[in-house]
Amino acid sequence: MEILKAHDPYPDLRVNIGSLQLQNPVMTASGTFGYAREFENLVNLHRLGGVIVKGISLLPRAGNPPPRIVETSSGMLNAIGLQNVGVTRFIKEKIPYLRGLNVPVVVNILGDTIEEYQEITKQLSDVEGIAALEVNISCPNVKKGGVAFGTVPHMAAAVTEAVKSVSSLPVMVKLSPNVSDIVEMALSVERAGADSLSLINTLIGMAIDVKTKKPKLANVIGGLSGPAIKPVALRMVYQVAQRVSIPVIGIGGIDNMEDALEFLIAGASAIQVGTANFINPRISEDIVDGIGEYVKDQQLGSVRELIGTLEVD
Amino acid sequence: MEILKAHDPYPDLRVNIGSLQLQNPVMTASGTFGYAREFENLVNLHRLGGVIVKGISLLPRAGNPPPRIVETSSGMLNAIGLQNVGVTRFIKEKIPYLRGLNVPVVVNILGDTIEEYQEITKQLSDVEGIAALEVNISCPNVKKGGVAFGTVPHMAAAVTEAVKSVSSLPVMVKLSPNVSDIVEMALSVERAGADSLSLINTLIGMAIDVKTKKPKLANVIGGLSGPAIKPVALRMVYQVAQRVSIPVIGIGGIDNMEDALEFLIAGASAIQVGTANFINPRISEDIVDGIGEYVKDQQLGSVRELIGTLEVD
Amino acid sequence: MSQHQEKARIIRFEQLSEDNFRLTLQSPQIAAQAFPGQFVMILTGKGNDPLLRRPFSLHQASTNGSIQVYFKNVGRGTDILAHAKEGEILDVFGPLGRGYRLVDEKPACLLGGGLGIAPLLFLAKALAKRNRDATSDLILLGGRSKPEVEPLVDDFKQFGMKIICATDDGTYGEEGFVTESLDSERVAPGTHVYACGPEAMLETVHDICLQRGFGCQVSVESVMACGMGACLGCNIPASDGTYAHVCIDGPVFDSGALVWKS
Amino acid sequence: MSQHQEKARIIRFEQLSEDNFRLTLQSPQIAAQAFPGQFVMILTGKGNDPLLRRPFSLHQASTNGSIQVYFKNVGRGTDILAHAKEGEILDVFGPLGRGYRLVDEKPACLLGGGLGIAPLLFLAKALAKRNRDATSDLILLGGRSKPEVEPLVDDFKQFGMKIICATDDGTYGEEGFVTESLDSERVAPGTHVYACGPEAMLETVHDICLQRGFGCQVSVESVMACGMGACLGCNIPASDGTYAHVCIDGPVFDSGALVWKS
Ligand SMILES: Cc1cc2nc3c(=O)[nH]c(=O)nc-3n(C[C@H](O)[C@H](O)[C@H](O)COP(=O)(O)OP(=O)(O)OC[C@H]3O[C@@H](n4cnc5c(N)ncnc54)[C@H](O)[C@@H]3O)c2cc1C
Ligand SMILES: Cc1cc2nc3c(=O)[nH]c(=O)nc-3n(C[C@H](O)[C@H](O)[C@H](O)COP(=O)(O)OP(=O)(O)OC[C@H]3O[C@@H](n4cnc5c(N)ncnc54)[C@H](O)[C@@H]3O)c2cc1C
Ligand SMILES: Cc1cc2nc3c(=O)[nH]c(=O)nc-3n(C[C@H](O)[C@H](O)[C@H](O)COP(=O)(O)O)c2cc1C
Ligand SMILES: Cc1cc2nc3c(=O)[nH]c(=O)nc-3n(C[C@H](O)[C@H](O)[C@H](O)COP(=O)(O)O)c2cc1C
Ligand code: FES
Ligand code: FES
């Protein structure tokens, strides 16, 4: 039933991220939707444009000690510490369920070294049921003294090349917003062969408990997400979309249909919903519905007609 | 009466920003408090730790066309475009009133070229009633193709040196948060001779009107301020305060007494209240009162005992 | 002229139509200083959503220490106010801006469209108090439909001026735009017009006044962060090539001082 | 076990003491699935302040389709709920987490401190429905002062179990900590303890149970963003050296499965 609906010719919500075809532009962001199954009772997963799973590393990671999250004004900080089951268990335990979903599954990967990124890519490349890889480059490069791959253009390019060289899966590189020049990062990664770009990951932030004089996160600093960061995300998506020729996926503070439209108008070919999944698990589905209504109301031939239509005087 | 109160030995709220002595750590941020006079009916200006006036350029600037502001989730974007009366009229029209205030007046300056920064500094240096300069380096360098002084360490250092070389006023350099490495910026500016650092200026953001498909700001992009950005500001202040030896002034989303304490605990010697002045004009005074109560309750010898007391396990 | 920040108690809550509301606030310091055409900044919510205050014209200011605002529920801030209760406290500051200049020697025409009617009640009261010839004065009230106009008419009657109402859909008063009356012989020669309403309406008013040689003051809107000249966010192009700021140079301007789109 | 997201109408609003409130919600889908010790996530506000949902234990879930939450006004979210009105709609999802395992063959001791009393009413009801020997069952309710305990006692009486109350200040029941009773002969040998309350109390409960050889389940708290295992934000150290997640592995744990501070 639902699948039929999704293939209804009208409203036409299909978008392409390079070779990756989505039935609609609404995906769920890594780390905010678990391995999708967590949401199966509350969301009709088959209606989504795509699912990006929690970041996977080569070996399992326990993550940071608690507290890992703290609410801020219109946002939240997280320092999960990339807790995950590791690629082997991921393939064994999570993929079978994900394969049963009728939507593209994108696997978010991370590593401390280029070799790790490469190794995990190899292990995922032959697995059936993976539509694409999303490369999280916001991790510190342990070999380079902990400077994040995501803040130095040539390091980001190196990770991208390494991943591309060992896989034929479409590669989406996820950019960190904690940089002086997001366009430079984007261009560097594009030149290195990325098939698409997703942005933004979280801004780095912090909060202090004035009663105890301790950081509110055990890890001291964490990633800021939610509506608070939407203006920064939208600006970066707009700047990048104007300069690259590969598709851009918008992420950051998307909370409702209008937010999603803002990103499409700014030039994103698709969007990812993150923190909002916690607040309203049904939000991604609601946004799909909302965009559908909008496309009908505006009598657009397809949602693709919206992409990059910002009018600047 | 009020002045007496401020000099009450207890609670001792005095802080030093290098040679600049403040009766308390609460200042008002540039561009959010006009030239102070705007608030005289609503605030007892004499109670403030200091007043930073709207950014002044060499020549008057008309600023950007409307709309210049837009509200966002727990924040606002502004693209005022640095509208100001220029240094000559500032000295003539604004300084006489400011001189009458019993609080240090810090003049925020900006320019498109190093020469402009230098020239305006010269003109302000002999004016009586100016306690310090705050150098806004978030402006695009017109000679270097519009790259902001505030995002390239050696350019920020060059501005700092140029200003320092023509004035004996204390120089506070105001850092932009739109950088990959705030510590590198801070260290560069410190080495160039800055007497103190203030941070953060606004994050660059954007908003789109989905009905008209136009940017909500005539200038397309603008500066994000308010509670939304507090976690980012606090993180940067903490990182910088740990690495520099000059005083740090914390700015960004400070909305109440607890926010102010967070910044002091993170290592700021003083704070500036920005956007919150619009929401509650009396907020700076309220924060002074609040910190006073806190210092009493905690039986601290002085507010200075709080600075940089964050306990990290 | 001085401003005050007050914790104002809601002493009366009125729902005048589905979307339009009127609050009466106990706000003696603001009331004592207020002048027609000025406005106040109201903190609508408790937390950070919405973050900024909202500007509202003074619909009334009374010597008994109360002020009124008349508003339409159009978004988050006004929705919170539309659900306020008598007895609750609102944080308000004002009075702000430059109000209407009273031109005693000319017949007055008060022209309000939709929510633009808000400041005119206070203005009518102020004009009625002046020692002047009011025989040719006229009040023109317009709106899209009956609920935008009808609930306010009684309040205007007390001043004895002639009132003409018009609605776009003809459900109350005459059918059509209220500006049509301005362009008719109903308005005495040499009249001075005090207008408030949507931008398109004000532009028509300006054009008609220019043609007929009427003096014309308009109250305009803009987004505002501070309401008091500090943020410089509320600029509009002025006819002298500079920017005016709605919150301190306005919200009332001589219509000739502004740049009109077409 | 399935979860549901419902628009739940507030059918009863009770203020049980100055700070403590109880809401009864029409939430048939959640009620039908709920088990004692599980919780729900409630959206407290309309806008973004506060941003995240708040977790609340199920105080009751009824076959008539209603659920109850019992809460204390401690901050922004609970303050909004404390000002809710009957008839209003709340967005709620659940039931979430693992509740109490019912150990039918042992005497039960339900021990709640402060707001930790919340889940025990539902638990008492569930235990009362089982076909088991309840003669040695015991309910221990503690709090700082009378208003934290007294308003709930009547509800517990219906199950016929023995109830002992204690308050820190002696204003209701015995003076002292409720855990003192646990460490006395009032509790039958071989009892299984079901506890909920502040961390320090639970630690004491764990210690006593260890000493006396009682089985012990505790319901713990942690900050939560999602409540359903997606964000991984609610971890606590487990005794096997890994992290457990309060929202899916708990909130109820065998006390031995957790790491206690001292
Ligand atoms: C000087 C001045 C006096 C005013 N007097 C009155 C009055 O007496 N009665 C009254 O009902 N309104 C008045 N307004 C408009 C009023 O301030 C806005 O309706 C209000 O700010 C909307 O807030 P909101 O949170 O409900 O809407 P939001 O959620 O912020 O926005 C909802 C919609 O309203 C529009 N909007 C937001 N702010 C304004 C604004 N300032 N002007 C016009 N549209 C806006 C938005 O574009 C959006 O489409 C006045 C505005 C100014 C500048
Ligand atoms: C599984 C679970 C079940 C719960 N059941 C109940 C219940 O039945 N009744 C009840 O009253 N409370 C219960 N709580 C606690 C409740 O969720 C918090 O009191 C609530 O989230 C506070 O929200 P607030 O916005 O009012 O406070 P905030 O403004 O967010 O914070 C105010 C103060 O409360 C503290 N606080 C915030 N969140 C929590 C939390 N999750 N746990 C403990 N302290 C917190 C903060 O540190 C702060 O000091 C439960 C928590 C969990 C995890
Ligand atoms: C709890 C949490 C965990 C996250 N984990 C990951 C992750 O594993 N990999 C990743 O690339 N991004 C991760 N993110 C970032 C999100 O995918 C997203 O980029 C970010 O939250 C901004 O979007 P939002 O504002 O909609 O949440 C995480 C975010 C949150 C809140
Ligand atoms: C309307 C507006 C105008 C501003 N103008 C200036 C300015 O002229 N010079 C400057 O250095 N910073 C300016 N700022 C930045 C503030 O001083 C401050 O750094 C920033 O707003 C962050 O603080 P906040 O979150 O408390 O507002 C302006 C901010 C706002 C909101
Ligand atoms: S609203 Fe701030 S200057 Fe007018
Ligand atoms: S609260 Fe999100 S995983 Fe437990």
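Basis for what follows: all heavy atoms, side chains included, without hydrogens, waters or symmetry-related copies. From a predicted model like this one, the values you see are computed outputs, not experimental measurements. So you know, we letter chains A, B, ... as the sequences are listed, proteins then strands, and number each from 1.
Considering only heavy atoms from C-beta on, P237(C) comes within 4.5 Å of P66(B) through its side chain.
Nearest heavy atoms, G63(B) versus Y243(C): O-CE1, 3.8 Å. Closest of all the heavy-atom pairs between F278(B) and C226(C) is CD2-CB, 3.4 Å. A pairwise comparison of heavy atoms in A230(C) and F33(B) identifies CB-C, 4.2 Å as the closest pair.
For the pair N277(B) (side chain) and C231(C) (backbone), a donor-acceptor distance under 3.5 Å is absent. The backbone N or O of L232(C) lies less than 3.5 Å from a partner atom in the side chain of R68(B), making a donor-acceptor pair. Side-chain N or O atoms of E71(B) include none that pairs as donor or acceptor with a backbone N or O of P50(C) at under 3.5 Å.
For S74(B), the parts lying under 4.5 angstrom from a heavy atom of chain C are both the backbone and the side chain. Heavy atoms closer than 4.5 Å to chain C are found nowhere in S73(B), neither backbone nor side chain. Using a 4.5 Å cut-off between heavy atoms, P227(B) contacts chain C through its side chain alone, with no backbone atom that close. When heavy atoms are compared at a cutoff of 4.5 Å, Y35(B) does not approach chain C at all. Neither the backbone nor the side chain of M41(C) comes within less than 4.5 Å of any heavy atom in chain B. Both the backbone and the side chain of N235(C) have a heavy atom closer than 4.5 Å to some heavy atom of chain B.
For chain C, the option among N78(B), T72(B), I69(B) with the highest count of heavy-atom pairs below 4.5 Å is I69(B). Counting heavy-atom pairs closer than 4.5 Å to chain B, the top-ranked of the candidates N48(C), D49(C), L51(C), T242(C) is L51(C). For the set G34(B), G226(B), P65(B), the entry with the most heavy-atom pairs within less than 4.5 Å of chain C is P65(B). Here G233(C) is the residue among G233(C), S222(C), G47(C) with the most heavy-atom pairs under 4.5 Å with chain B.
Note that CE of M228(C) and CG of L42(B) are 5.0 Å apart. Values are rounded to the nearest 0.5 Å. Separation of atoms CG (N280(B)) and CZ (R53(C)) is listed at 6.0 Å; rounding is to 0.5 Å.
Summarising the local packing, NZ of K214(B) is surrounded by 12 or fewer heavy atoms from other residues, nucleotides or ligands at distances under 6.0 Å. By the 6.0 Å contact criterion, OH on Y97(B) is enclosed, its count of non-hydrogen atoms from other residues, nucleotides or ligands being greater than 12. Shown here is Q29(C), whose CD atom has more than 12 heavy atoms of other residues, nucleotides or ligands within 6.0 Å. For K125(C), the NZ atom counts as densely surrounded, since its 6.0 Å shell holds more than 12 non-hydrogen atoms of other residues, nucleotides or ligands. The number of heavy atoms from other shown groups lying within 6.0 Å of CZ (R9(C)) does not exceed 12. Other residues, nucleotides and ligands contribute only 12 or fewer heavy atoms inside 6.0 Å of the CZ atom of R144(C). Around the CD atom of E93(B), the shell of radius 6.0 Å holds more than 12 heavy atoms that belong to other residues, nucleotides or ligands.
Taking the ring centre of F93(C) as origin, the terminal cationic atom of R282(B) falls outside the region bounded by 6.0 Å and 45° from the ring axis.
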Practice task
For V223(C) and V70(B), run side chain to side chain contact (heavy atoms under 4.5 Å, CB included): C-alpha distance rounded to whole Å, both residues' side-chain angles, the deciding distance at 0.1 Å, then the answer.
Solution key: CA-CA 8 Å; V223(C) 288; V70(B) 47; over 6 Å; no

